[in-house]
Amino acid sequence: QTRIAVLVKSLGNGFFEAAARGAEEAAEEIGDVEIIYTGPTEPTAEAQIEVINTLIAQQVDAIAISANDPDAVVPALQRAMERGITVVSWDSGVAEAGREMHLNPSSNALIGDTIIRLAADHLPDGGQVAILSATATATNQNIWIEEAQAVLPNYEGIELVDIVYGDDLSDKSYREAQGLMQSYPELDAIIAPTTVGIVAAAQAVTDAGKIGEINVTGLALPSEMAGHIESGASKSFAIWNPIDLGYSITHIAHALATDAATAEPGATIGIGRVGEVTIGDNGEAAMSEPFTYDASNIDEYKDIF
Amino acid sequence: MAAALSATAPHTDADAPVLRLSGISKSFPGVKALDGISLELYPGQVTALIGENGAGKSTLVKIMTGIYQPDAGTIELGGQEINFGSAHSALDHGITAIHQETVLFDELSVAENIFLGHAPRTRLGFVDWKTLRAEAADILKSMGAPIEPSARLKDLSIASKHLVAVARAMSIEAQIVIMDEPTAALSHKEIEELFVLIDLLRQDGKAILFISHKFHEIFRIADRYTVFRDGQMIGAGKMEDTDQRELVRMMVGRSVDQAFPKQDVAIGETVLAVDNLCHPTEFDSISFELRKGEILGFYGLVGAGRSELMQALFGATAPSSGRVTLNGAPALAKSEADAIEKGIVYVPEERGRQGAVIGLPIFQNISLPSLKKTSRQGFLDLAAEFALARQYAEKLDLRAASLSQDVGTLSGGNQQKVVIAKWLATQPKVIILDEPTKGIDIGSKAAVHAFMSALAAEGLSVIMVSSELPEIMGMSDRVIVMREGLIAGEFARDALDAETLVRTAAGIEDH
Amino acid sequence: MAYVLKHREFILLGAIAVLIALITVRFPGFIAPVNLVRVFDDTSILIILALGQMVVILTRCIDLSIAANLALCGMIVAMLNMIFPDLPVPALIAIGIMAGAALGAFNGILVWKLDMPSIVVTLGTMTIFRGSIFLLSSGQWVNAHQMSEAFKAFPRATLIGMPVFSWFAIAVIAVFFVLMTRTPLGRALYAVGVNPTASVYAGIDVGRSRFFAFVISGMVAGLAGYLWVARYAVAYTDIAGGFELEVVAACVIGGISIAGGIGTVGGAVLGALFLGVVKNALPVIGVSPFAQMAISGAVIIIAVIFNARAERKKGRIILRKAEAHS
Amino acid sequence: MSTSAPSPRSIPDRLDSPLLSALKSWEFLLLLVAVAIFVFNSFATPYFLSPWSLSDATFNFTERGIIALAMAMVIISGEIDLSVAGILALASTAMGAAAQVGAGVPELVVIGLGVGVLCGMFNGILVAGLKLPSIVVTIGTMSLFRGIAYIVLGDQAYTGYPAGFSFFGQGYVYWVISFEIVLFLIMAVIFYVLLHRTSFGRSVYAIGNNNLAARFSGIRVQRVKFILFMLTGAMAGLAAILLTSRLGSTRPSIAFAWELEVVTIAVLGGISILGGAGSILGVVIAGFVMGLVTFGLGLLNVPGIVMSIFTGAMLIIVIAMPIVIGRIRNRLARP
Ligand SMILES: Nc1ncnc2c1ncn2[C@@H]1O[C@H](COP(=O)(O)OP(=O)(O)OP(=O)(O)O)[C@@H](O)[C@H]1O
Ligand SMILES: Nc1ncnc2c1ncn2[C@@H]1O[C@H](COP(=O)(O)OP(=O)(O)OP(=O)(O)O)[C@@H](O)[C@H]1O
Ligand SMILES: [Mg+2]
Ligand SMILES: [Mg+2]
């Protein structure tokens, strides 16, 4: 039996719950795989390391981690690898030294481009946009924002006026969104590449009576945004399929743990119904493109994840 | 005036007691505080409850006011057996008390202090502030107390606070008024005023329980007595059928030499000289000298500034100007630690707050100011601590089960002995005792006095702050009287006269 | 003037006015009435919780579980709304308050009957309440579209120019004002904090008064729970995480003495408003988001220093001479 | 007189034998709890009883435990320091900044401890110097210290610590015995001696029991408190070195919310939150209890948030148990 630990940033997050479902699906498909879905109390590196230590002690065969901090977990994961455990990261990555490979839900450049495009699609004449991120230390958010800034020149007339941090707290995100609307009366869109942030921003826009004036977009789960799509506070948003992500990383972890594949640049690993991924030079692979949700398809997905 | 009232007090012997306690027992972990005692209170009469420290008097008060529940026994009020579940139900039954500790609310107004827990209410159940203030003002006026009902309690003098406590007791439509050592913190003059009030209550037909360690007060005010010893009732009766010697024998179980054992000691050269010591708000222009082997008494009304002055000598309060020399060398202490090092120690007035560290064992309390001596390079030496503690515990005739017992489990008198022992153990040159026998029973008191005298004989210089006239007159070689932060007079032992001292302290001019 | 200077509330009010003036220099829109209403609206929950916390602190206790209580009650009403969308909102609010009271009572019972230090009790229940949310919701969120329209709309409806949300805060302030100054319970809560021993002697049951303080703080946490989830239209395990310290900070700034017995409803409200103004101003005047934490820390320290100086006793004055001078 | 000692001349030093009082103590109770958890873990999961597992379990508490030793003394003195995690973050940030400009291992250690001491002194000045209530002061400095770390680092992280630096948090002294656990035990011994065997420690108890009486007994109360806060700062700095080394990186969110966990260990260890009572031995055992509980539950893959229900309940139950037992015993003793 192969035991694969799916270690997430923190429990109680719809995204990860969905990913865990995907992992179970893959486990059933492969057969003789046990999924240990776990995560710490607080979304901190220290707490995650405590969990890593117990996974090492349980001698699991593979750890698939979405990390709270790309660097801080490295020593603990190295120790896991030393003890013969296959370590892969997904969603929120780990620095190269701490894992065999990383599965991006999509390519970072693609995501960065997507979040700007989501806003730009509804601003044919250009306009002001602002980004509401999670904590200032969230790795993947920061990378996407960087990529988004890089592609900005491709979108004529789109001006990024500010980046604020809602710390993934509802009240702070809400207040930051209010602050943005105040500071930039001409604001046309708020881009929040984080689920807590996008929900809070949509609510703030609704409460300010600015539906139609300000479009809230970014990355979120359909279940969380269904209400705001309906109200029009958000015209569209994107996300990759978390079920597929959990599904894929389980396939990859299994393949690496059973030595059916090796994690080296250029290697290709099959990921069941999703297809296959190819590992790049930096040990990273991308799963697929983000998928855009809007009023036309939201009802189909809102009860799934 | 008080004397006149007391003479006319009705001595109608009401035949039935209003309150009858019987077979009351109460234990604390390790202590049987009360053991099947009984007590009767009669309307229109003052019953004195006497007994040594730890005899169980305050415990009984707490049972009568519903704060403690007795382990056994019955309480009958007006012939009916009652049961107090809480302090509130005792209030409802018309029992009120002035407790031994000050139990008021500093941050609240005088009016509220008087009515807290039984405030008048409006029809909607809200606090009726208007009535409350008016009634408070009425009560204070009827007592002749010049206190503003809206004043904050913390701004009052200690004596006024005490009057508020009395007003509180009066505000409750009480049949029974209990006073647990009400005079311990009061000066001569205020005690007289209190006695006037007690007489008024007596005339009103209230039953009064009066607890005090001072026999002259008991003989002044009480109609009956009850004596406790070690949690048991030893005797009860009418005051006119007994005398002091008999009461003391019942209390202590032996007779005690009441005379003040001041030995004659040769007074040596000046040890401590205080020159024009000033403080911005508490005292001013204080100059005096203290000699070797001398007991210098400081008399005054409560709040005269004696404690503040002594604490300044001890480094606990910073004076604004002035000089202090000890054996000729500058000795104005910068801190308590500094004073102890120099050889000036202060045995504070508030035993529980400033003196004893209740939660620590006896030996650790005694060694606390001497830790430098009993430790080596900062490391403790328990054997040395025990030895030091035993030496002074025995010297002071301390009664304790072991030296590792927490001080909190000792009776008041024994706590005081620990407190004195801890500062004596530092082997000071000057010892300042602030109200050393406040709230101490007659047996322990004699021991403290004898000990003080012995200290002086050993060549120690003693300053004794006391508000008790007999003590001041009996023990001092010389007396300084303070009033409102100033020295109001100085008297040699052979020139001591009670009336002059009281007049000087109160600022009453001779005509 | 002397009266004004003597009362902390006026000084705090002045500080808030100065603060608003300074912000207005940088960002003129801040002083617009509509914005001030918004700031008040945003601070409502903090005000409500600060009042609950104040009652507990007055009795020499502390309620560290207040935010976890809020989150649990919020989850309870959100889930009820999700499962029974037809339950009327007032009923849900009542349920929220009762659930909060029950959780507060749990704290209170431990403090009352077992004499446990409140900081230990609420440190424990804080994590227990949080964990319970996770168990209750199996870690799932309750999202906007799962809540009924009425549920979300009720606190947002405007009444005389202000959202019902703000009116809740005003109503709670009024209730607390009456409670603390006009009812025997309110006075007992003060008395317990000023001098517990004396309270026992005055026939006040100290433990029971503390119990009620915790029940009251639980009730406002329950109410705030509904307001929170309705306002942000989402409920999950971590909502209001770390908010308990902000609530304590509001009380401290408002001059509620951590040693008990001192503090007023006005103080707590102004303390919360002060924090609310600061928090709302920082994003609009362009202070780096990274500096916010340090600034709020500094504000708390300054407030503590300030309050301590105001509280320090003048001391009795014995000397006639000195008395004449003062 | 409550006691009827026949002759006052013979007051014994103690009544109970040392063994008897040890058996009656909190520490013994806690030790039983620890053993019970150990036995439970051994049966509940096959992975627990391995040297490496046990060694890993210690990492769950060593850093917090080291801070808890100093926190215990602060709490015994009647104060509290909620800023320890903030200090840790700031010290770690300072070390990170120094490492960027090429500081070596010894310099980093000095900087970590030094920043800790400075922060502790800042608390000390506010609490001991200005006589402010420590609970609110340190709620303020908690945000202030971590806030400075945020200003310095923002969304960045410091990595790239010198090679040898990893030893503190990841190194092993011998076989499975980590440097951290050895350091923790050494610190425990030092704090044991400091609190229970020196006059400084005695002053701490006296102050916690009765501040005023301690002052009147010639104890320099404010100085002792100042030193205690400084000491706690130093331990937070030491923990910063260990944690930074273990993580190999610094972010301003490092050790977030640890203050409450540190207080939990101290309180679980029998330190009276009201001051004046408690022992270092209790804190050490409490550290192990916390480590065993969290690691054991982790091995059973209990979700972290559910685990926190256990620790919260354990805190309340362990503190309530002696109270309830005492009540029952009293009730039984009284007929
Ligand atoms: N709460 C308590 N816990 C334990 N022991 C107590 C408690 N209260 C009183 N005692 C003990 O009960 C005994 C009786 O104490 P109590 O206070 O009633 O004496 P008292 O007669 O009022 O003495 P004093 O004249 O010193 O005021 C003493 O031995 C005392 O130590
Ligand atoms: N109004 C008051 N409120 C509280 N405490 C008071 C008040 N007045 C006096 N005290 C306390 O009583 C003690 C008396 O202080 P002070 O130095 O003014 O007078 P004193 O002459 O020493 O009186 P005493 O006879 O009580 O020793 C001090 O410890 C002081 O703190
Ligand atoms: Mg007594
Ligand atoms: Mg005095």
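All values below were derived from every heavy atom in this structure, side-chain atoms included, with hydrogens, water molecules and symmetry-related copies excluded. Below, chains carry the letters A, B, ... as their sequence lines are ordered, and counting in each starts from 1.
- For CZ of D/Arg327, the number of neighbouring non-hydrogen atoms (other residues, nucleotides, ligands) closer than 6.0 Å is greater than 12.
- Residues C/Gly297 and D/Ser143 share a closest heavy-atom pair of CA-CB, 3.6 Å.
- Taking every heavy atom of both residues into account, C/Val304 and D/Pro133 meet most closely at CG1-CD, 4.3 Å.
- With a 4.5 angstrom heavy-atom cutoff, D/Met142 touches chain C only via side-chain atoms.
- Chosen from D/Ile148, D/Leu274, D/Thr141, the residue pairing most often with chain C at heavy-atom distances under 4.5 Å is D/Thr141.
- When heavy atoms are compared at a cutoff of 4.5 Å, D/Ile273 approaches chain C solely by way of its side chain, counted from C-beta outward.
- Heavy atoms of C/Thr237 lying under 4.5 Å from chain D belong exclusively to its side chain.
- The neighbour count for C/Phe106 CZ, taken as heavy atoms of other residues, nucleotides or ligands under 6.0 Å away, does not exceed 12.
- For C/Leu135, the part lying under 4.5 angstrom from a heavy atom of chain D is the side chain only.
- With a threshold of 4.5 angstrom between heavy atoms, C/Val252 approaches chain D through side-chain atoms but not through N, CA, C or O.
- In this structure, the portion of C/Leu110 lying under 4.5 Å from any heavy atom of chain D is its side chain and not its backbone.
- The candidate with the highest count of non-hydrogen atom pairs below 4.5 Å against chain C, out of D/Met307, D/Met314, D/Arg146, is D/Arg146.
- Contacts of C/Val120 with chain D are made by both backbone and side-chain atoms, with heavy-atom separations under 4.5 Å.
- In this structure, D/Leu315 CG and C/Met126 CE are separated by 10.0 Å, a value rounded to the nearest 0.5 Å.
- If you measure heavy-atom distances from D/Val137 to chain C, the contacts under 4.5 Å come from both the backbone and the side chain.
- Looking at D/Leu260 and C/Thr127, their side chains never come closer than 4.5 Å, going by heavy atoms from C-beta outward.
- Atom-to-atom distance recorded for C/Ile300:CD1 and D/Ile139:CD1 is 7.0 Å, nearest 0.5 angstrom.
- Contacts of D/Leu268 with chain C are absent, with no heavy-atom separation under 4.5 Å from either backbone or side chain.
- For the options C/Arg130, C/Gln292, C/Met293, heavy-atom pairs under 4.5 Å to chain D are most numerous at C/Met293.
- Within 6.0 Å of CZ in C/Phe243 there are more than 12 heavy atoms belonging to other residues, nucleotides or ligands.
- Looking at C/Ile119, only its side chain comes within 4.5 Å of chain D, counting heavy atoms on both sides.
- Contacts between D/Leu126 and chain C at a heavy-atom distance below 4.5 Å involve the side chain alone, from C-beta outward.
- The minimum heavy-atom distance linking C/Leu114 with D/Ala320 is given by the pair CD1-CB, 3.7 Å.
- Looking at D/Ile151, both its backbone and its side chain come within 4.5 Å of chain C, counting heavy atoms on both sides.
- Contacts with chain D were tallied for C/Val121, C/Ile301, C/Ile62, C/Leu245; C/Ile301 has the most, counting heavy-atom pairs under 4.5 Å.
- Separating the OG1 atom in D/Thr264 from the CG atom in C/Leu123 is a distance of 4.0 Å, to the nearest 0.5 Å.
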